[in-house]
Structures are given as structure tokens and as C-alpha cells.
Amino acid sequence: ASFMEVKLTYYGHATFMLSNGETTIVFDPFFNGNTWEKAKPEDIKCQYIVISHGHGDHYGDADLIGKANNALVISTAEVAHKAEEAGLKAYAMHLGGKHDFEFGSIRLTPAFHGAGIPGGHAAGVIVTFYGKTLYFAGDTAFFSDMQYLNRFGKLDYALLPIGDNFTMGPEDALLAASLIKADVTIPIHYKTWPVIDQDPDAFVAKLEAEHHQKGLVVEPGSTIVL
Ligand code: NI
Ligand code: MN
């Protein structure tokens, strides 16, 4: 088999895609109403949809994309149930649990945030996708147990919200990054609305200056090779 690169496409806010050219996962598929306007839900081709929690800017267009692609939704039990009620295929997990999939694995981690759905809980995600491991924090406050997220092995990338107001702001995200120690930290969840207008370049500069860790601003709409 020929080696296939793993690529990450960032659509702004908390929406991104991992693909090796054959298998594609879209995370928190918020396109309609996403002020970055980098894609339409009709553009998205995927086999899997991973959702961190039920807020509209994260569950997003899961119903539309899931139906169009016959994709499998992977999320907490409550969000998976919501997806099933909408007629989608879903796989239910919960915080602390890991499950293996054809592409690698999904582990749901705690996130300190509203669930956006009755009785639920917000989640973060550690995903291993064809050999690359990423921590996607979802929406969360800082919590000190972030220091243990790398206990299962090296994290190649960490995607952390920096927007403030609804989630960690830049100062807490810097502290989080310094504990998580991913090879590369990517700021997300900023500038979508004026209330989360933060500077991702300043965040990355501080991460390098104060913690000697690599940060990367992935411009919304662009794709990087992992
Ligand atoms: Ni939220
Ligand atoms: Mn959010």
C-alpha cells in the first residue's frame, strides 16, 4: 500500500477535518452560520462525524452532513441519541472511554463546559488517525488534569480554544498548552464573533517565548499535512 499523508483542514471556529484521502472525519461540523464561511455543509464528504457537545456552534450541520454521507456520528451518549433521533447512524461513548475504529481510535476526555443537551456533558477528544494523535479540547475551561492528557502517549497536536468568554482565554490556553506538551499547539475558537476576538499569532508567539513550545496558526480555509 502506498503511504498516504494525513491532512488537517481548518474551517474556522472549532470545525476541522482529518483525511488521508480515503477516510475522512469532520469534527464539530459548524458551517451554516459560521461567520468564517469557508465551506458549505453540501461540500463535505466524510465517513465519520465527531461531535464534542450539543451547542449549535459544535453540533452544527451534523444532521445534513450525516444524512448526505451516511456518516457515523461519534459522540457522548446524549449527543449520539440526538443524532439517532434525527435519523443518523451514531456510536455512543462517554468521558474516559476509548474505542478503536478502522482509522485508529477515539477517546473522550472531560471538558468543563455546558453539554448543550439535557443530561449530557461536554467532551474533549483524543483521536488517533492513521498514526497521528491529536487532542481536540472542544469547548472547555482550564482544568489542571490537562497535565495527564498525554499519559497514554505523545500528542502530536493539541487544538485549544483561546476565544475567552465561553471557553479558556489565551492566558489559560497557554497554561493548558504548557501542561499538555503537544509537539504542536493550534489555537481555535476565536474571532467567529466579536466577543471571542483574540489574536492567534500573539498566542503562538507567547507559547514559543514563554514555554519554548511550537504553536501553529492554521488559517481558516487552509489545509496542513500532519
Ligand atoms: Ni459550547
Ligand atoms: Mn463553542
Side-chain angles (χ1 to χ4, degrees), residues 5-19 25-28 30 34-36 38 50 52 57-58 104 107 109-113 122-226:
E5 287 175 326
V6 172
K7 292 179 177 173
L8 181 152
T9 300
Y10 180 48
Y11 295 99
H13 206 56
T15 305
F16 67 101
M17 174 184 277
L18 293 178
S19 184
I25 311 178
V26 62
F27 291 77
D28 285 6
F30 175 47
N34 187 334
T35 59
W36 288 99
K38 295 302 177 186
V50 173
S52 65
D57 59 320
H58 295 262
R107 183 188 297 274
T109 71
F112 282 77
H113 187 76
V125 182
I126 296 175
V127 53
T128 298
F129 185 81
Y130 294 103
K132 299 291 179 182
T133 300
L134 295 83
Y135 167 55
F136 166 44
D139 280 359
T140 188
F142 171 80
F143 56 99
S144 58
D145 282 0
M146 283 174 163
Q147 69 188 299
Y148 298 117
L149 288 167
N150 59 21
R151 69 192 180 279
F152 307 109
K154 186 175 75 85
L155 297 167
D156 298 308
Y157 293 83
L159 283 74
L160 305 182
I162 66 163
D164 218 332
N165 195 80
F166 301 114
T167 67
M168 294 190 284
E171 292 307 315
D172 272 351
L174 273 181
L175 179 58
S178 76
L179 297 178
I180 295 163
K181 294 182 170 60
D183 284 355
V184 181
T185 300
I186 298 174
I188 61 168
H189 208 276
Y190 59 82
K191 283 190 184 168
T192 316
W193 315 294
V195 72
I196 59 169
D197 185 13
Q198 299 292 338
D199 180 352
D201 294 302
F203 172 81
V204 163
K206 271 195 176 176
L207 184 62
E208 291 177 355
E210 295 176 13
H211 298 289
H212 311 292
Q213 282 180 232
K214 186 174 162 54
L216 182 67
V217 177
V218 181
E219 289 298 325
S222 70
T223 298
I224 60 168
V225 176
L226 301 187

On the 0 to 90° scale, with breaks at 30° and 60°, tag the H58-H189 ring pair as parallel, tilted or perpendicular.
parallel
Flag, side chain of S222 to backbone of E219, donor-acceptor distance under 3.5 Å
yes
So, the side chain of K206 versus the backbone of F203: is there a donor-acceptor pair under 3.5 Å, distance only?
no
Taking only residues two or more places apart in sequence, or in another chain, which ones meet F152 in a ring pair (Phe, Tyr, Trp, His ring centres under 6.0 Å)?
none
Separation between NZ (K154) and CG (D183), nearest 0.5 Å, reads 4.0 Å
Distance only, no hydrogens: is a donor on one side chain within 3.5 Å (strictly under) of an acceptor on the other, for T192 and T35?
no
CG-OG1 distance between D145 and T109, expressed to the nearest 0.5 angstrom
10.5 Å
Residue that, paired with I180, satisfies side-chain contact (heavy atoms from CB on, under 4.5 Å) out of L160, N150, L175
L160
Over 12 foreign heavy atoms within 6.0 Å of CZ, F112
no
Heavy-atom closest pair (M146 atom, A141 atom, distance to 0.1 Å) is CE-O, 3.8 Å
Restricting to non-hydrogen atoms, name the atom on L207 and the atom on A177 that form the minimum distance, rounded to 0.1 Å.
CD1-CB, 3.7 Å
For the CG atom of L159 and the OH atom of Y10, what is their distance to the nearest 0.5 Å?
8.0 Å
From L8 CG over to F27 CZ, what is the distance, rounded to the nearest 0.5 angstrom?
8.5 Å
Where do F136 and S52 come nearest, in terms of heavy atoms and distance?
CE2-CB, 4.1 Å
Under 3.5 Å donor-acceptor, T133 side chain and D156 backbone
no
Can you tell me if D172 uses its side chain to pair, donor with acceptor, with the backbone of M168 under 3.5 Å?
no
Minimum side-chain heavy-atom gap K181-L155 below 4.5 Å:
no
Please examine the side chains of I224 and L226, heavy atoms only from C-beta on, and report whether any two atoms are closer than 4.5 Å.
yes
Are any of the side-chain heavy atoms of K191 and W36 separated by less than 4.5 Å?
yes
Minimum heavy-atom separation for A111 and A137, please, with both atom names.
CB-O, 4.1 Å
Between the main-chain N or O of P170 and the side-chain N or O of Q198, is there a donor-acceptor pair closer than 3.5 Å?
no
Heavy-atom closest pair, residues D57 and F30
O-CB, 3.3 Å
Only one of V26, L134, T9 clears side-chain contact (heavy atoms from CB on, under 4.5 Å) with L18; which?
L134
Does any part of the side chain of Y157, heavy atoms only, come nearer than 4.5 Å to the side chain of I186, both counted from C-beta?
yes
Nearest heavy-atom contact between I25 and V127 is CD1-CG2, 4.4 Å
Any donor-acceptor pair under 3.5 Å from Y190 side chain to W193 backbone:
no
With a 3.5 Å distance limit and no angle check, can you tell me whether D28 reaches the backbone of T15 through a side-chain donor-acceptor pair?
no
Atom pair CD/NZ of E5 and K132 - distance to nearest 0.5 Å:
9.5 Å
Answer yes or no: is there a side-chain heavy-atom contact under 4.5 Å between V204 and P187?
yes
